[in-house]
Amino acid sequence: INWGDPGAPELPPFEGQIRYRGQLHRFSRQTTKEEVLTLLGQPYWVDTDADEFIFFYEFGEIEWQIEFDETGCVIQRF
């Protein structure tokens, strides 16, 4: 999922829902770290630097990477 990456302007911003455990959930740039933790639980890995952090989740052969800005809101990715 991409919400607009200045480095990849050809990728349109995601508009929609994600399906997790059979349920649909709205996901947007306003989704917070706390909301992700409530929905998905603790990530298996967290990568942190000065202006962002990334949660890593594995679901079988699929990995989700959810990137947050310094305010704790989603930047992009899945």
Notebook entry, point to check: Under the side-chain contact (heavy atoms from CB on, under 4.5 Å) criterion, do Ile18 and Leu24 qualify, and how do the steps go?
Noted result: CA-CA 6 Å; Ile18 61 168; Leu24 291 175; over 6 Å; no

Quick check for you: to the nearest 0.5 Å, what is the distance between [X] atom [atom1] and [Y] atom [atom2]?
{"X": "Thr38", "Y": "Lys33", "atom1": "OG1", "atom2": "NZ", "answer": "11.0 Å"}
{"X": "Phe55", "Y": "Glu67", "atom1": "CZ", "atom2": "CD", "answer": "12.0 Å"}
{"X": "Ile66", "Y": "Phe53", "atom1": "CD1", "atom2": "CZ", "answer": "10.5 Å"}

Next item on the list: Take the angle between the ring planes of His25 and Tyr20 and call it parallel below 30°, perpendicular above 60°, tilted in between.
Entry: tilted

Under the side chain to side chain donor-acceptor pair (under 3.5 Å) test, residues paired with [X] that sit two or more places apart:
{"X": "Thr71", "value": "Asp69"}
{"X": "Glu35", "value": "Thr32"}
{"X": "Gln42", "value": "none"}

Taking only distance into account, with no hydrogens and no angle test, what donor-acceptor pairs under 3.5 Å do side-chain atoms of residues 43-51 form with protein atoms, sequence neighbours excluded?
unit_1, atom_1, unit_2, atom_2, d
Tyr44, OH, Glu63, OE2, 2.5
Asp49, OD1, Asp51, N, 3.1
Asp49, OD1, Glu52, N, 3.1

Note to self: Going by side chain to side chain contact (heavy atoms under 4.5 Å, CB included), name the residues that satisfy it together with Ile62, two or more places apart in sequence or in a different chain.
What the structure shows: Trp64

Item checked: Contacts of Tyr57 that satisfy ring pair (Phe, Tyr, Trp, His ring centres under 6.0 Å) - sequence neighbours left out -> none

